[in-house]
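Before any comments, here is the structure.
Position 1 is the first residue of the sequence, and the numbers go up from there. The figures that follow rest on heavy atoms only: side chains count, while hydrogens, waters and symmetry mates do not.
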Amino acid sequence: MTVTVRPLDDETYLRLAGDVPLPLEQAPAWDAFDRAVPGRRPWRRLGLWEGEELLALVSLTEMRGRGFRYLWAKHGPVWLAEQTPARERAAREALVAGVRRADRGLAFVRLHARHRADDLHELLQTVTFDRTVVLDLAREEEEILASMKKRGRRDVRKALRDTTMTAGEETGLSRERFHELYQLLVETSGRDGFGISDEDVYWTMLDSLGKHARIFVARREGRPLAWGIVTVHGAHASYYYAASNAEGRRSGAADLLIWHMATALRASGVRVLDLMGIDSDRAPQLSGVRDFKTKFSEEVTEVDGAWDVPVHRAWYRALVVALAAKRGAVGIVREAPGRARVLAARLRPAPKEVAADAGGTAGVDASREAGAGAGGEAGAGGEAGAGGEVTDAGKAGAAVGESAPQGRPAAAAGGDAGKPASGS
């Protein structure tokens with residue numbers, strides 16, 4: 001099977017897509033965001049053909065780390081033909097070969113695939129998802145409510161009865177107003193233990209995408225309790241980022257917010273609302289949002305997850321080793337205070353009658369503690385710069401994972417580093 005890759009201008013790209021819905025990230029409208037965020041830019045739009053048959057379309061963004069660059073086809077390729085394992089493989093091989101010819105400085109391509117294969121690698125810096133919850137907004141409001149699980153209907157109705165809370169769209173809010181909302185994301189990050197981006201990234205998304213990015217907020221007496229950013233392209237919307245504070249969690253503000261978003265989006269012509277990711281074998285980190293999201297639907301939708309495809313295999317291996325070293329070092333630093341407390345406790349004299357038992361137990365625990373952060377790969381960081389063709393890989397340890405502050409993986413619920421949309 002031979003697949004050819006051809007560059008496309010925006011007009012041709014959209015014409016070839018025809019009636020096939022394009023995810024916002026695969027549409028020209030996304031370019032404004034890519035241009036506005038430092039370290040990224042639109043790369044190219046391509047068509048992939050098998051003979052005379054157009055198989056797929058793909059838009060690629062160039063992402064720049066410190067010491068390496070890669071391409072990200074977020075929610076792409078968009079398939080127009082049957083998506084078989086053989087076609088996916090041939091399309092990837094043709095795409096990677098074309099990328100290598102165009103720019104030998106790119107380390108890998110990140111894209112979505114339905115079928116697992118040996119050329120696909122788990123993501124270096126972030127978390128993907130291959131299961132999500134989708135709300136069908138083409139129904140009447142009563143039918144949307146009836147399609148929820150019993151718990152979802154109960155929680156929405158309870159939130160609606162709380163007259164002290166309101167929910168509304170605040171698209172077009174001022175930067176100062178958004179700064180207030182960002183503090184909820186900081187609180188959510190600290191509570192749930194995930195990395196977030198700087199405030200500028202979320203504000204830039206709202207500012208650059210215009211009508212394609214909308215923000216909804218639940219409040220009580222003017223105080224923000226929960227908020228969500230929703231991206232919109234045609235009849236499709238995605239619940240991209242979300243945050244809530246402790247009061248909002250206690251009050252069910254996220255339930256009110258979801259219901260208001262669904263009804264407001266439906267009224268504006270949106271027919272599909274993707275709640276953007278729940279856990280699976282590939283994404284156990286998203287287990288915390290599963291109960292919240294699945295109460296709004298009886299069904300879970302399988303989607304294509306994201307994978308890394310190396311352009312230069314030795315370089316990519318070096319990046320993997322460097323990231324493992326960085327995570328190991330961060331883990332050791334994090335565990336240091338706890339280990340100090342354990343050591344201090346062990347140095348305290350034990351009562352004579354129990355000294356022997358205490359010492360024995362201490363010895364077992366100490367060996368466990370010593371091994372906890374000493375992962376075998378952590379010491380391999382010196383290899384990151386090995387190999388003549390990997391001139392920049394030695395810098396990788398300082399770059400990979402930088403979208404996740406403090407070494408924590410940023411849960412990418414389809415979006416950039418930040419909180420996946422949830423009610424938690």
Side-chain angles (χ1 to χ4, degrees), residues 8-15 17 19-45 57-63 72-76 78 135 137 167-182 184-185 196-218 224 226-243 257-258 260-276 412-421:
L8 301 171
D9 58 38
D10 290 358
E11 182 180 354
T12 305
Y13 181 86
L14 292 173
R15 177 176 56 79
D19 295 332
V20 175
L22 292 172
L24 177 60
E25 299 89 341
Q26 286 294 299
W30 187 257
D31 288 359
F33 183 42
D34 280 341
R35 291 191 184 100
V37 177
R40 55 199 286 181
R41 66 183 180 92
W43 196 68
R44 293 181 188 174
R45 270 180 259 287
L57 298 168
V58 62
S59 285
L60 294 150
T61 297
E62 181 183 320
M63 311 288 285
W72 194 180
K74 191 174 294 186
H75 299 303
V78 178
L135 304 187
L137 304 186
E169 182 169 2
E170 299 190 16
T171 302
L173 78 175
S174 68
R175 181 62 190 267
E176 292 73 23
R177 195 83 161 171
F178 182 74
H179 178 72
E180 177 189 32
L181 298 181
Y182 183 74
L184 271 67
L185 186 59
I196 61 175
S197 295
D198 291 338
E199 181 180 334
D200 285 347
V201 173
Y202 306 98
W203 174 254
T204 300
M205 179 183 228
L206 291 168
D207 187 51
S208 63
L209 291 179
K211 66 179 183 180
H212 297 290
R214 300 166 65 175
I215 186 166
F216 297 84
V217 184
W227 59 265
I229 292 176
V230 178
T231 59
V232 180
H233 192 240
H236 191 282
S238 298
Y239 190 26
Y240 229 89
Y241 295 120
L257 189 65
I258 289 281
H260 179 81
M261 286 193 307
T263 56
L265 290 166
R266 177 183 175 278
S268 65
V270 172
R271 294 296 173 257
V272 176
L273 174 57
D274 186 350
L275 299 187
M276 290 288 281
D416 297 81
K419 172 64 177 171

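Within the 4.5 Å cutoff, the side chain of Y240 has heavy atoms near those of the M205 side chain. Residues S238 and V230 form no side-chain contact, since every pair of their non-hydrogen atoms from C-beta on lies 4.5 Å or further apart. Considering only heavy atoms from C-beta on, K211 stays 4.5 Å or farther from T171 through its side chain. R40 places none of its side-chain heavy atoms less than 4.5 Å from the side chain of W72. Residues R271 and R266 have side chains in contact (heavy-atom distance under 4.5 Å, counting atoms from C-beta outward). A 4.5 Å side-chain heavy-atom check between L173 and L181 finds at least one atom pair inside the cut-off.
To the nearest 0.5 Å, atoms CG (L206) and CZ (F178) are separated by 5.5 Å. The CG atom of L275 lies 4.5 Å from the CG atom of L135; values are rounded to the nearest 0.5 Å. In this structure, CG on L22 lies 12.5 Å from NE2 on H75, to the nearest 0.5 angstrom. The distance from the CZ atom of R44 to the CG atom of D9 is 13.5 Å, given to the nearest 0.5 Å. Here the CD1 atom belonging to I215 is positioned 12.0 Å from the OH atom belonging to Y202, to the nearest 0.5 angstrom. Of the inter-residue distances, the one linking Y182 atom OH with E180 atom CD reads 15.0 Å to the nearest 0.5 angstrom.
In summary, the side chains of D34 and T61 do present a donor paired with an acceptor at a separation below 3.5 Å, with no hydrogens or angles considered. A donor and an acceptor atom, one from each side chain of Y13 and S59, are located under 3.5 Å apart. T204 and D207 share no donor-acceptor pair across their side chains, judged by distance under 3.5 Å alone.
Of all heavy-atom pairs spanning A73 and V58, the tightest one is CB-CG2, 3.5 Å. Among all heavy-atom pairs drawn from V78 and P21, the shortest one is CG1-O, 4.4 Å. What you find for G228 and L257 is that their closest heavy atoms are N-CD2, 3.7 Å. Between V272 and V270, the shortest heavy-atom contact is O-CG1, 3.4 Å. When every heavy atom of A36 is checked against every heavy atom of S208, the shortest pair comes out as CB-CB, 4.2 Å. Smallest separation of non-hydrogen atoms from P28 and L14: CD-CD2, 3.8 Å.
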Decide yes or no on side-chain contact (heavy atoms from CB on, under 4.5 Å) for L265 and V232, but give the supporting numbers first.
-> CA-CA 9 Å; L265 290 166; V232 180; 4.0 Å; yes

Just do the side-chain contact (heavy atoms from CB on, under 4.5 Å) check on W227 and L185 with the steps written out, would you?
-> CA-CA 9 Å; W227 59 265; L185 186 59; 3.9 Å; yes

Please lay out, stage by stage, how D10 and R45 fare under the test salt bridge (Lys or Arg N to Asp or Glu O under 4.0 Å).
-> CA-CA 8 Å; D10 290 358; R45 270 180 259 287; 2.8 Å; yes

Kindly indicate, with the supporting measurements, whether the criterion side-chain contact (heavy atoms from CB on, under 4.5 Å) is fulfilled by W30 and L209.
-> CA-CA 7 Å; W30 187 257; L209 291 179; 3.7 Å; yes

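Partners of R214 under the salt bridge (charged side-chain N to carboxylate O under 4.0 Å, His left out) rule, at least two apart in sequence or in another chain, are E169.
Side-chain atoms of Q26 come within 3.5 Å of backbone atoms of K74 as a donor-acceptor pair (strictly under, hydrogens ignored).
Using cut-offs of 30° and 60° for the angle between ring planes, the F216 and H260 rings count as perpendicular. In this pair, H212 and H233 present their aromatic rings tilted. The plane angle is within the 30 to 60° band.
Under 4.0 Å is where a charged nitrogen must lie from a carboxylate oxygen, and between R175 and E199 at least one such pair does.
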